[in-house]
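Positions are given from 1 along the sequence. Everything quoted here is computed from the prediction, not taken from an experiment.
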Amino acid sequence: MSNLDVAKSVIALACRFGADDFCVCAGSRNAPLLAVLAEARGVRLFSFVDERSAAFFALGRAKLRRRPVAVITTSGTAVAELLPATIEAHYAGVPLLLITADRPRRFRNTGAPQAIEQEGIFNAYVEQCVDIDVSSNEAASPSWSGRRPLHINVAFDEPLIDGPIPSVLFEAAEPVQSLVPPPSRRPIDEALRGFARPLVIIGGLQSAARPAVRRFALRLGAPVYAEPLSGLREDAALEPLVLRSGERILERAAFDGVLRIGEVPALRFWRDLEERHRALPVVSVSELPFAGLSRGVVVQGEVSAILDGVHIDATSPNPQTMRRDREMALRVEGLYDREPHSEPALVRALSRHIPARSRIFLGNSLPIREWDLVATRQPQEWILDANRGANGIDGELSTFLGQCDRSSPNWALVGDLTTIYDLGAPWIVGQLEADLRFVIVILNNGGGRIFSRVASLRAIDPRAREALIENEHSIHFRNWAAMWGLEYAATDGADSLPSFERGVLEVMVDQDATRRFWTAYDRLWDAS
């Protein structure tokens, strides 16, 4: 077979798996793939110069469309740039399709230019690596579950364009995701029989699972900690059960077991289940196989089907716990008015400013935790997401832009270091729909200030911590927005939040006010 024949068959295979979006990063070695796509109909192309950004954009696009998205690279280190997004896709269960061009197999382990060892480069983070060498006349017809990334590596020989370039109409099939066998509900039944005072933690959920989770929580009647990505944090029906004062209440309530529903939580309390609260049994119900701890039981499968079949003897939340929670929520509320220029107060103001039914992407580290604590709990029908698979801060703006949808306003809430990590993300903006509305909100607190809240780092001299760990800086983002032709505004107060359809809003955080807020916040809990 010719290079072009193989390229055509690989694109057809991607479409058979359900992909019709292709994020392409040009090089010479992937010329056969690009030539076929350039003449193709029935597919959509996005062109990138940065493979890492392309892969994260594809990740976001796959989340938005709930179908595979393909990334195509040339050979060499270009392939390695896909690794961070592939890791995220693996842990988040996103169908990312990696199509990498390669030099012929005879060049492997030779150190020849643009010839690295690409086969198996993603190792544990892909379902399989399909390795095709055109010169050996191999044919590949792999199966794919659609639950983890897939790598197709194609070794093209010279001449790269070895015949007439075909014009092909590709038709993407509806993606079919293989079903996880129905799990045994026995671990959940046994846990609930053994728990007298359970805590339910609800992590990220697909929207289809939320009605069943709501029904289950209401039947159980136990206290609920609903994270933002659950979509149930602001749910009116669950309001009597949902803890509102922040995760510190979890340290003060006498729970005897934890039932996690959905994705691995962002909570510090969850991490403390590893050692500090090791005596607490943990059972997880999730579509993904990850426990999120080195212990505990995972019941993997369709969340709705599992929970609707669970036998429940109703419990009731401890009145003292719920009363303390409501009292502390009111006391924390008073801190926002006392320090309106602090970072938590500004995040709270933003949550009241963002329109209902917006799509909101929360950055890792501080933004997702602050949103959890301070965002309004008025039902807004928001669609919230974040890259919580591997908890990294790289590629977040690219993921956000991939997830933007024309049907709603799109908001990203990220930190300054997260933005610096992904400065090239807006490259793709000119290829998106002209009527797409998005605002990138940058919380500029002059560094990675979450590390100032990490107890284990407080023993380090503050000056050394700010320079080496928090990466203190004085960078601002007006010129960055202008470079990409985006509108720009800056604010340092909750009463001066501008509105625009497409641009960058830089929030200047008052560090002194923020320190005063957290000092007062800690004192509230220490005194309770």
For this session: Take L273 and R295 through the test side-chain contact (heavy atoms from CB on, under 4.5 Å) and record every step on the way to the result.
Result: CA-CA 9 Å; L273 290 171; R295 65 185 186 89; 3.9 Å; yes
For this session: Please assess I393 against S365 for the test side-chain contact (heavy atoms from CB on, under 4.5 Å), listing each intermediate value before the final yes or no.
Result: CA-CA 8 Å; I393 69 168; S365 298; 3.8 Å; yes
Exercise. Can R377 and R233 be said to form a side-chain contact (heavy atoms from CB on, under 4.5 Å), step by step?
Worked result: CA-CA 7 Å; R377 292 182 180 268; R233 179 182 177 274; 3.4 Å; yes
For this session: Check the pair F122 / H90 against side-chain contact (heavy atoms from CB on, under 4.5 Å), numbers first and verdict last.
Result: CA-CA 10 Å; F122 302 115; H90 165 75; over 6 Å; no
For this session: For the pair R437 and E487, evaluate salt bridge (Lys or Arg N to Asp or Glu O under 4.0 Å) and give the outcome as yes or no after the intermediate values.
Result: CA-CA 12 Å; R437 296 169 291 166; E487 294 181 78; over 6 Å; no
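With R44 contributing its side chain and D21 its backbone, the two residues share no donor-acceptor pair below 3.5 Å. In terms of modelled atom types and a separation under 3.5 Å, the side chain of R210 and the main chain of L232 share no donor-acceptor contact. Proximity of a side-chain donor or acceptor of E506 to a complementary backbone N or O of N444 within less than 3.5 Å is not detected. S351 places a side-chain N or O within 3.5 Å of a backbone atom of T376 that can act as its donor or acceptor partner. Side-chain N or O atoms of H341 include one that pairs as donor or acceptor with a backbone N or O of D492 at under 3.5 Å. The main-chain N or O of E287 is found under 3.5 Å from a side-chain atom of Q300 such that the two form a donor-acceptor pair. Not one N or O on the side chain of D385 forms a donor-acceptor pair closer than 3.5 Å with the backbone of I383. One N or O on the side chain of W382 and one on the backbone of P355 form a donor-acceptor pair closer than 3.5 Å. A donor-acceptor pair is defined here as one N or O able to donate and one able to accept, closer than 3.5 Å; no such pair exists between the side chain of E234 and the backbone of Q378. When atom types are taken as modelled, the side chain of R252 and the backbone of W525 share a donor-acceptor pair closer than 3.5 angstrom.
Using bins of under 30°, 30° to 60° and over 60° for the plane-to-plane angle, the ring pair W480/F477 lands in the perpendicular bin. Under the 30°/60° scheme for interplanar angles, the aromatic rings of H277 and F269 are found to be tilted. Relative ring orientation between Y91 and F290 is described as tilted, the plane-to-plane angle lying within the 30° to 60° band. Ring geometry for F57 versus F48: interplanar angle of 30 to 60°, hence tilted.
Salt-bridge formation is detected for the pair D435/R406: a Lys NZ or Arg NE/NH1/NH2 atom is positioned less than 4.0 Å from an Asp or Glu carboxylate oxygen. Under the 4.0 Å criterion applied to side-chain N and carboxylate O atoms, E251 and R268 are not assigned as salt-bridge partners. Using a 4.0 Å cut-off between a side-chain N of Lys or Arg and a carboxylate O of Asp or Glu, D526 and R523 do not qualify as a salt bridge.
Taking OH of Y125 as the start and CD1 of I87 as the end, the distance is 4.5 Å to the nearest 0.5 Å. Put simply, CG on L350 and CG on L443 are 7.0 Å apart, with the number rounded to the nearest 0.5 Å. I72 contributes atom CD1, which lies 12.0 Å from atom CD of E51 (distance to the nearest 0.5 angstrom). Rounding to the nearest 0.5 Å gives a distance of 9.5 Å between CD1 of I428 and CZ of R61. To the nearest 0.5 angstrom, W427 atom CH2 is 14.0 Å from L401 atom CG. We find the CG-CG distance between N445 and D416 to be 5.0 Å, quoted to the nearest 0.5 Å.
Considering only heavy atoms from C-beta on, L96 stays 4.5 Å or farther from E88 through its side chain. Counting only heavy atoms from C-beta outward, the side chains of R516 and S342 never approach each other to under 4.5 Å. Annotation: side chain of C404 is not in contact with side chain of R359 (no heavy-atom distance under 4.5 Å). Looking only at side-chain heavy atoms (C-beta outward), D235 and V242 stay at 4.5 Å or farther from each other. Counting only heavy atoms from C-beta outward, the side chains of V285 and L259 approach each other to under 4.5 Å. Side-chain contact between D20 and R65 is present, with heavy atoms from C-beta onward closer than 4.5 Å. Between V504 and T419 the shortest side-chain heavy-atom distance does not fall below 4.5 Å. Between L417 and H473, the closest side-chain pair of non-hydrogen atoms falls below 4.5 Å.
A donor-acceptor pair shorter than 3.5 Å can be found between the side chains of R388 and N364. Between the side chains of E396 and N387, no donor-acceptor pair of N or O atoms lies under 3.5 Å. For the residue pair E127/S145, the side-chain donor-acceptor check at 3.5 Å is satisfied.
Scanning both residues, L218 and A237, for their nearest heavy atoms gives CD2-O, 3.7 Å. A pairwise comparison of heavy atoms in W270 and A291 identifies CZ2-O, 3.3 Å as the closest pair. Residues V298 and L288 come closest through the heavy atom pair CG1-O, 3.9 Å. In terms of heavy-atom proximity, L241 sits nearest to M322 at O-CE, 3.8 Å. Closest non-hydrogen pair, S245 versus M328, comes out as CB-CB, 3.8 Å. When every heavy atom of P367 is checked against every heavy atom of G415, the shortest pair comes out as CG-N, 4.0 Å.
Note: Y488 and H476 fail the aromatic proximity criterion, with ring centroids not under 6.0 Å apart. A centroid separation of 6.0 Å or more is found between the aromatic rings of F56 and F400.
The neighbour count for E433 CD, taken as heavy atoms of other residues, nucleotides or ligands under 6.0 Å away, is above 12. Residue R478 places its CZ atom among 12 or fewer non-hydrogen atoms of other residues, nucleotides or ligands, all under 6.0 Å distant.
A salt bridge (Lys or Arg N to Asp or Glu O under 4.0 Å) with E274 holds for exactly one of R276, R271, R278; it is R278.
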